[in-house]
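To keep things clear, I will list the structure first and then write my remarks on it.
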4 protein chains.
Amino acid sequence: MRSNDRTFADTARRKQITLAAIEVIAEIGYAQASIRKIAERVGVAMSVVLYHFANKDDLVREIVHHAFREAIDAIVPALDKERTATGKLRAYIVANADFMLSHRTQYTAVFDIGMSYRTASGDRMNAITLDPDLLADIGRLDLATILRQGQESGEFRDFDVAHMTSAINGAVRNGPLLELAIDPNYDMDGYAGELVTTFDLATRRG
Amino acid sequence: MRSNDRTFADTARRKQITLAAIEVIAEIGYAQASIRKIAERVGVAMSVVLYHFANKDDLVREIVHHAFREAIDAIVPALDKERTATGKLRAYIVANADFMLSHRTQYTAVFDIGMSYRTASGDRMNAITLDPDLLADIGRLDLATILRQGQESGEFRDFDVAHMTSAINGAVRNGPLLELAIDPNYDMDGYAGELVTTFDLATRRG
Amino acid sequence: MRSNDRTFADTARRKQITLAAIEVIAEIGYAQASIRKIAERVGVAMSVVLYHFANKDDLVREIVHHAFREAIDAIVPALDKERTATGKLRAYIVANADFMLSHRTQYTAVFDIGMSYRTASGDRMNAITLDPDLLADIGRLDLATILRQGQESGEFRDFDVAHMTSAINGAVRNGPLLELAIDPNYDMDGYAGELVTTFDLATRRG
Amino acid sequence: MRSNDRTFADTARRKQITLAAIEVIAEIGYAQASIRKIAERVGVAMSVVLYHFANKDDLVREIVHHAFREAIDAIVPALDKERTATGKLRAYIVANADFMLSHRTQYTAVFDIGMSYRTASGDRMNAITLDPDLLADIGRLDLATILRQGQESGEFRDFDVAHMTSAINGAVRNGPLLELAIDPNYDMDGYAGELVTTFDLATRRG
DNA sequence: AATGAATGAGTGTTCATTCAT
DNA sequence: AATGAATGAACACTCATTCAT
């Protein structure tokens with residue numbers, strides 16, 4: 001199966017396998033998610049997965065692409081709706097939280113991949129293998145840009161942008177990670193609301 | 001090898017293996033860290049590791065115990081020095097950051113274990129298998145308690161304690177995780193300083 | 001696809017695939033030459049190969065047939081031109097060498113098949129599966145016949161024909177095999193000349 | 001199992017596996033000789049083979065080393081016994097033939113490895129991976145040296161040494177290869193005798 | 001206390017072949 | 001005539017674990 005020139009049926013199978021892989025990884029973790037188990041989830045032979053994907057890395061790449069693509073589609077419009085940095089920051093937090101909640105399986109899987117994936121030599125997954133177009137789009141949901149804009153407009157106080165970015169992303173994305181994975185009724189909306197207040201207080205010009 | 005009644009030499013070997021395992025896991029990730037590679041790091045035969053530890057789970061438990069014990073020893077005194085909730089929160093952030101910086105290998109390894117470790121059936125490492133004494137002590141560095149104290153004393157505003165706990169822990173512990181693992185010169189002190197300001201602004205009574 | 005009743009286009013495709021297979025086998029060796037790689041060389045789907053050939057064995061047989069047919073066409077006329085056994089022996093050596101040089105890819109491939117090919121049960125390719133007509137023609141370039149003729153005519157001394165056949169064929173066909181496969185400028189003509197002298201001295205009646 | 005510091009038992013197992021591998025390769029060919037089949041021949045689990053050898057290449061290297069070592073031990077003394085180039089050439093032919101006959105399984109296996117072995121990228125086995133000490137010793141059974149000596153001493157006529165080397169080696173080693181592998185009663189001694197005469201006639205100064 | 005040997009279960013991957021279209 | 005899809009068998013290799021010494 002060459003990577004270009006895909007048929008409709010092939011695209012459908014690839015998507016089916018990708019979604020099944022996301023489920024399996026979210027459930028049992030990337031390290032335990034073998035191609036065999038993923039194939040079982042789909043209900044096909046293991047070799048079917050390797051017919052549609054060149055190798056496991058190829059499947060992982062597809063999962064990450066799929067997830068980022070959906071994240072971009074969900075979050076970027078929400079950011080674009082806002083004009084002020086204050087509004088964009090609020091939208092960033094809420095949109096990220098909404099996405100994590102509505103795509104929780106996917107989110108859990110990709111996060112797990114990000115943590116667990118290593119090459120045979122132990123190196124982490126680096127962005128190089130990702131599609132350049134996708135990488136460009138990922139840049140459009142960059143928090144640091146929003147924070148810089150807010151400082152330039154005078155909305156935000158004079159914090160270190162890199163550090164504040166780490167802080168907000170750590171809080172938004174990683175804070176409720178375990179609860180989200182475990183508790184199906186986790187109050188993500190409440191969490192997002194609390195974060196909005198928190199970082200509004202923490203960033204606004206005194 | 002029964003778990004009680006350990007000789008001095010035996011205890012030393014266990015510690016040596018535990019430290020080697022931490023190094024290996026931090027370097028190549030938990031999933032790639034086989035017992036054989038850990039034994040090679042120590043310079044002994046693979047079976048020596050399994051002579052001193054009942055199985056791999058047992059070794060993992062020891063690593064986690066070791067790390068938490070050190071974290072408690074480093075952080076709890078810093079909290080106890082402070083009387084006010086405001087002071088304790090500041091100390092909590094700074095002490096956690098200091099610990100992450102000075103024990104970065106250990107921290108990276110345990111975090112990786114936390115993310116990657118699953119039982120054969122896919123379950124996450126749950127607190128049940130940890131030593132009850134240790135669990136009690138872990139409670140002593142519980143952030144939620146500090147936050148509640150601050151609300152009761154009137155120092156803090158009326159936020160949701162569980163959510164604020166997630167937010168602060170997400171920011172402190174996970175925000176700079178990748179940078180810390182990759183960049184040996186990461187400005188952790190600067191990050192801690194920014195967090196202190198951020199969460200002071202975010203928590204104090206208007 | 002029945003083996004008789006082939007259309008023109010079909011025959012052309014078979015030949016195209018056969019030639020591609022020869023190239024691939026010569027380059028990477030029979031063991032590494034999968035049907036898929038051969039199809040890629042042609043620029044068609046893997047299943048096209050198996051549409052035109054019943055199975056891989058069938059393709060191999062065609063390669064061998066093709067190569068022997070060309071060898072016969074090149075060598076037999078050269079032998080027939082000579083009347084004396086001495087002349088035929090000289091022609092045999094030179095014609096074989098010429099053929100190996102001009103059809104080096106083909107020669108390398110067929111030799112590799114001869115060495116590597118085994119049935120699933122481990123048996124070597126045996127002559128039985130070859131076309132009887134072809135086998136009859138192969139007989140026409142049989143060295144032993146030439147040697148016997150020379151002994152009967154008194155040109156050659158009284159050596160063991162079977163042994164001398166093995167010796168000459170080993171020298172002609174296998175001696176420079178590796179050099180021929182590796183060095184594109186190998187002096188095959190010089191080699192053939194040396195062999196002519198060598199076996200003239202070795203066979204002629206004192 | 002580290003490559004140095006081997007125990008007695010380990011050495012014995014390695015040898016046992018090496019000999020079994022030689023048998024299996026000689027019987028069914030290198031391409032068909034999987035680690036599993038080799039292990040079955042020994043009567044152990046497949047993983048036992050990979051416990052004693054780092055990987056399949058390691059096993060192949062050991063087979064080749066073993067075979068060359070025995071060939072050197074058998075052939076070099078026979079050459080050293082002779083003083084004249086004529087005597088050395090005769091001894092070279094006879095000793096090689098004797099070795100091929102007495103070590104026919106081994107010889108077949110190594111020849112098959114030499115022809116069939118390729119790296120994943122299709123490259124042939126190159127001498128680089130062989131032990132330097134062994135390579136030096138292999139030089140001691142170099143035919144070209146003998147031929148040059150004979151030309152310098154005036155025993156031999158003025159042929160091209162490289163070509164004559166190819167011719168003799170092709171005749172000696174490859175001529176009766178198939179017969180040797182197939183026919184257990186092949187008259188190797190007779191063949192060697194015929195070759196001695198043949199190349200005596202072909203090389204001596206008129 | 002330490003270890004070499006062995007092993008079965010599992011991994012990702014390749015391959016020739018079948019079949020419906 | 002051509003091909004995309006699917007598959008089971010085989011492959012080399014890794015791993016945690018057991019056991020006798």
Side-chain angles (χ1 to χ4, degrees), chain A residues 1-2 5-10 12-13 31-39 42 44-59 120, chain B residues 1 6-7 9-10 12-13 31-39 44-59 120, chain C residues 1 6-7 9-10 12-13 31-39 44-59 120, chain D residues 1-2 5-10 12-13 31-39 42 44-59 120:
Chain A
M1 179 92 314
R2 291 183 296 289
D5 198 37
R6 292 214 174 85
T7 67
F8 172 75
D10 179 48
R13 255 282 193 262
Q32 273 68 38
S34 68
I35 292 183
R36 211 163 235 122
K37 284 176 194 154
I38 292 165
V42 181
V44 296
M46 174 190 47
S47 48
V48 172
V49 173
L50 287 163
Y51 171 73
H52 290 280
F53 294 90
N55 46 43
K56 201 183 183 186
D57 284 9
D58 191 25
L59 172 55
Chain B
M1 175 101 306
R6 293 215 175 84
T7 68
D10 182 40
R13 256 283 191 261
Q32 273 69 36
S34 67
I35 292 182
R36 184 161 249 129
K37 284 176 193 154
I38 292 165
V44 296
M46 173 187 52
S47 43
V48 173
V49 173
L50 286 162
Y51 172 74
H52 289 281
F53 295 91
N55 46 41
K56 203 182 183 187
D57 286 7
D58 191 24
L59 172 56
Chain C
M1 176 100 306
R6 292 215 177 83
T7 68
D10 183 38
R13 256 283 193 263
Q32 273 69 37
S34 66
I35 293 182
R36 185 161 248 129
K37 284 175 193 155
I38 292 164
V44 297
M46 173 187 52
S47 43
V48 173
V49 174
L50 286 162
Y51 173 74
H52 289 281
F53 295 91
N55 47 41
K56 201 182 183 185
D57 285 7
D58 191 25
L59 171 57
Chain D
M1 179 94 310
R2 293 181 297 287
D5 196 36
R6 292 214 175 83
T7 66
F8 172 76
D10 180 48
R13 254 282 193 261
Q32 272 68 36
S34 68
I35 292 183
R36 199 163 244 122
K37 284 175 192 154
I38 292 165
V42 182
V44 296
M46 175 190 48
S47 49
V48 172
V49 174
L50 288 163
Y51 172 73
H52 290 280
F53 294 91
N55 45 44
K56 201 182 183 186
D57 283 8
D58 191 24
L59 173 56

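Proteins get letters first, then strands, A, B, ... in listed order; numbering begins at 1 in each.
Nearest heavy atoms, C:Leu59 versus C:Phe53: CA-CD2, 3.6 Å.
D:Ala12 is linked by a side-chain contact (heavy atoms from CB on, under 4.5 Å) to nothing, counting only residues two or more places apart in sequence or in another chain. For C:Ala39, the side-chain contact (heavy atoms from CB on, under 4.5 Å) partners at least two apart in sequence or on another chain are C:Val44, C:Met46, C:Val49. Judged as a side-chain contact (heavy atoms from CB on, under 4.5 Å), and not counting sequence neighbours, the contacts of B:Ser34 are B:Arg36, B:Lys37. Under the side-chain hydrogen bond (donor to acceptor under 3.5 Å, both in side chains) criterion, C:Asn55 pairs with no residue at all, not counting sequence neighbours.
In terms of phosphate contacts, A:His52 brings no side-chain nitrogen or oxygen within less than 4.0 Å of OP1 or OP2 of F:dG4. At E:dG4, none of the side-chain N or O atoms of D:Arg13 fall inside 4.0 Å of OP1 or OP2 (strictly under the cut-off). Taking only side-chain nitrogens and oxygens, A:Tyr51 comes nearer than 4.0 Å to OP1 or OP2 of F:dA5. In terms of phosphate contacts, D:Lys37 brings a side-chain nitrogen or oxygen within less than 4.0 Å of OP1 or OP2 of F:dC11.
When each of B:Gln32 and A:Val44 is assigned the nucleotide of DNA chain F with its nearest heavy atom, A:Val44 is the one assigned upstream, toward the 5' end. Along DNA chain E, the nucleotide nearest A:Arg36 and the nucleotide nearest B:Val49 are compared for position; the residue whose nucleotide lies closer to the 5' end is B:Val49. The 5' end of DNA chain F is approached more closely, in terms of each residue's nearest nucleotide, by A:Ala45 than by the other of B:Asp57 and A:Ala45.
Rounded to an integer number of Å, the gap from CG of B:Asn55 to P of F:dT17 is 5 Å. Straight-line distance from the CG atom of B:Asp58 to the P atom of F:dT17: 10 Å, rounded to whole Å. Atoms CD1 (D:Ile38) and P (F:dC13) sit 11 Å apart, rounded to a whole Å. F:dT14 atom C1' lies 12 Å from atom CD1 of B:Ile35, rounded to whole Å. At whole-Å resolution of the value, CG in A:Asp10 and C1' in F:dT3 are 13 Å apart.
Counting only heavy atoms from C-beta outward, the side chains of A:Val42 and A:Val48 never approach each other to under 4.5 Å.
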Do any N or O atoms of the protein come closer than 3.5 Å to N or O atoms of nucleotides 18-21 of chain F, and which pairs are they?
none

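Stem list for DNA chain F (at least 3 consecutive Watson-Crick or G-U pairs, distances under 3.5 Å): E:2-21 with F:2-21.
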